[in-house]
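All remarks here apply to the structure that follows.
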Amino acid sequence: MIVMRIEICGGIASGKTTLTHAIDKITTFHGVYEDFLTNTFLDDFYSNPDIYCYETEMSFLLQHMHQIKKKMQYTSGLVCDFSCEQDFAYAQNNLSARAMKSFQLMYDEVYREISQPDVIIFLKCPFHVLKDRITVRNRKNEQDIGILYLEKTVRQLEQRISITDIPVIEIDSHYWDFREQSEVYDVLTLYLKDILLL
């Protein structure tokens, strides 16, 4: 079965999950949602990223591959609220050169297993807005994340997707409210009509 896959990336709290839910609800694409709560390394990473970055980055990449492989068996269209390209960008941001070589090998194997996504959606949002959203959603392990970290990770992501051969669609997630169905329809019509066959 040929499965079309959309992966959504962007800064923390940029609206990835909200947009995925909207696409899942009003199209034939099925959502795949990052289960960050089961990542046993994440709390330790936020408390001491220098020590726990390797296992955290590797585990997210493998978790995402596994989630996609399971869903691919049952549908012809997937939309993910995460991206393997964002995994790569975060790894570049956090890992040493030696550790990055290991990550690169795993990343290459992941794409041999599940292939590249057909489209990447990049949600662009001002850093102060991301910080405000993080504060409002009040996840305990995110509360110490600062503007500088958000900027660093997003800049690395922007650099990564600028060199990929995967088509990238940029959407301003500060301008659009993905919680409003009418705005979601406008977004999908404007940016994704041909992909989603609307």
Could you check if a side-chain atom of Q104 sits within less than 4.5 angstrom of a side-chain atom of F88, using non-hydrogen atoms only?
yes
Verdict with supporting geometry, R155 and E151, side chain to side chain contact (heavy atoms under 4.5 Å, CB included)
CA-CA 6 Å; R155 296 299 184 214; E151 183 172 357; 3.9 Å; yes
Can you tell me how far CG of L130 sits from NE2 of H128, rounded to the nearest 0.5 angstrom?
9.0 Å
CZ on R133 to NE2 on H174, rounded to 0.5 Å
7.5 Å
Verify, without hydrogens or angle tests, whether Q86 (side chain) and G10 (backbone) share a donor-acceptor contact under 3.5 angstrom.
yes
Using the side chain to side chain contact (heavy atoms under 4.5 Å, CB included) definition, which of the options T75, V79, T20 pairs with F29?
V79
Trace of the side-chain hydrogen bond (donor to acceptor under 3.5 Å, both in side chains) decision for Y54 with S102:
CA-CA 10 Å; Y54 182 74; S102 174; 2.7 Å; yes
What's the verdict on side chain to side chain contact (heavy atoms under 4.5 Å, CB included) for L19 and S173, showing C-alpha distance, side-chain angles and the deciding distance?
CA-CA 9 Å; L19 181 58; S173 68; over 6 Å; no
If you compare all heavy atoms of I166 against all heavy atoms of P117, which two are closest, and at what distance to 0.1 Å?
CG2-O, 3.5 Å
Quick one: CD1 on I171 to SG on C125, what's the gap to the nearest 0.5 Å?
12.5 Å
Would Y175 end up clustered with L123 when hydrophobic side chains under 4.5 Å apart are linked, directly or stepwise?
yes
Check C80 against I68 and note the closest heavy-atom contact, atom names and distance.
SG-CG1, 3.9 Å
Those residues at least two apart in sequence (or on a different chain) that pass salt bridge (Lys or Arg N to Asp or Glu O under 4.0 Å) with K25 are none
D24 backbone acceptor or donor facing T27 side chain under 3.5 Å:
no
Neighbour count >12 (heavy atoms, 6.0 Å) for atom CE, M100:
yes
Sequence neighbours left out, what passes side chain to side chain contact (heavy atoms under 4.5 Å, CB included) with K124? Give chain and number order.
F122, E158, E170
Pairwise side-chain contact, D87 with E57, heavy-atom cut-off 4.5 Å (strictly under):
no
Separation of Y90 OH from S83 OG (nearest 0.5 Å)
11.0 Å
Would a single hydrophobic cluster contain both F127 and V129, if residues Ile, Leu, Val, Met, Phe, Trp and Tyr are joined by side-chain heavy-atom contacts under 4.5 Å?
no
Between Y33 and H21, does the ring centroid distance fall short of 6.0 Å?
yes
Please report the closest heavy-atom contact between G77 and V3, naming both atoms and the distance.
N-CG1, 4.2 Å
Would you find a donor on one side and an acceptor on the other, under 3.5 Å apart, between the side chain of K131 and the backbone of I145?
yes
Output yes when a side-chain donor or acceptor of S47 lies under 3.5 Å from a complementary backbone atom of D44, and no otherwise.
yes
Using side-chain heavy atoms (C-beta onward) and a distance below 4.5 Å, is I23 in contact with F178?
no
Applying side-chain hydrogen bond (donor to acceptor under 3.5 Å, both in side chains), can you list everything that pairs with R112, at least two apart in sequence or on another chain?
E109
Write out all pairs satisfying salt bridge (charged side-chain N to carboxylate O under 4.0 Å, His left out) with one or both partners inside residues 4-23, taking only residues at least two apart or from two chains.
R5-E7
Measure across D50 and C53 and return the closest heavy-atom pair with its distance rounded to 0.1 Å.
O-SG, 3.9 Å
Name of the residue among I8, V168, I169, I6 meeting side chain to side chain contact (heavy atoms under 4.5 Å, CB included) with I120
V168
Derivation and outcome, side chain to side chain contact (heavy atoms under 4.5 Å, CB included), residues N94 and F45:
CA-CA 10 Å; N94 294 318; F45 170 77; 3.7 Å; yes
Taking the inter-plane angle between the rings of H64 and F82 on a 0 to 90° scale, is it parallel (under 30°), tilted (30 to 60°) or perpendicular (over 60°)?
parallel
For a 4.5 angstrom cut-off between non-hydrogen side-chain atoms, does T153 reach I12?
no
List in chain and number order the residues that pass side-chain hydrogen bond (donor to acceptor under 3.5 Å, both in side chains) with D177, two or more places apart in sequence or in another chain; answer none if no residue qualifies.
R179
Atom of C9, atom of I161 and distance for their closest heavy-atom approach:
SG-CG2, 4.4 Å
Calculate, to the nearest 0.5 Å, the distance between atoms CZ and CG belonging to R137 and D132 respectively.
12.5 Å
Donor-acceptor pair, distance only, cut-off 3.5 Å: does the side chain of S14 make one with the backbone of G11?
yes
Give, for atom CZ of F60 and atom CG of D35, the distance between the pair rounded to the nearest 0.5 Å.
9.5 Å
L105 and M65: same hydrophobic cluster, using ILVMFWY side-chain contacts below 4.5 Å?
no
Applying salt bridge (charged side-chain N to carboxylate O under 4.0 Å, His left out) as the test, list every pair that has at least one member in residues 63-86; sequence neighbours left out.
K69-E113, E85-R160
Mind running side chain to side chain contact (heavy atoms under 4.5 Å, CB included) on L78 and M4 for me, showing each step along the way?
CA-CA 6 Å; L78 294 177; M4 174 171 276; over 6 Å; no
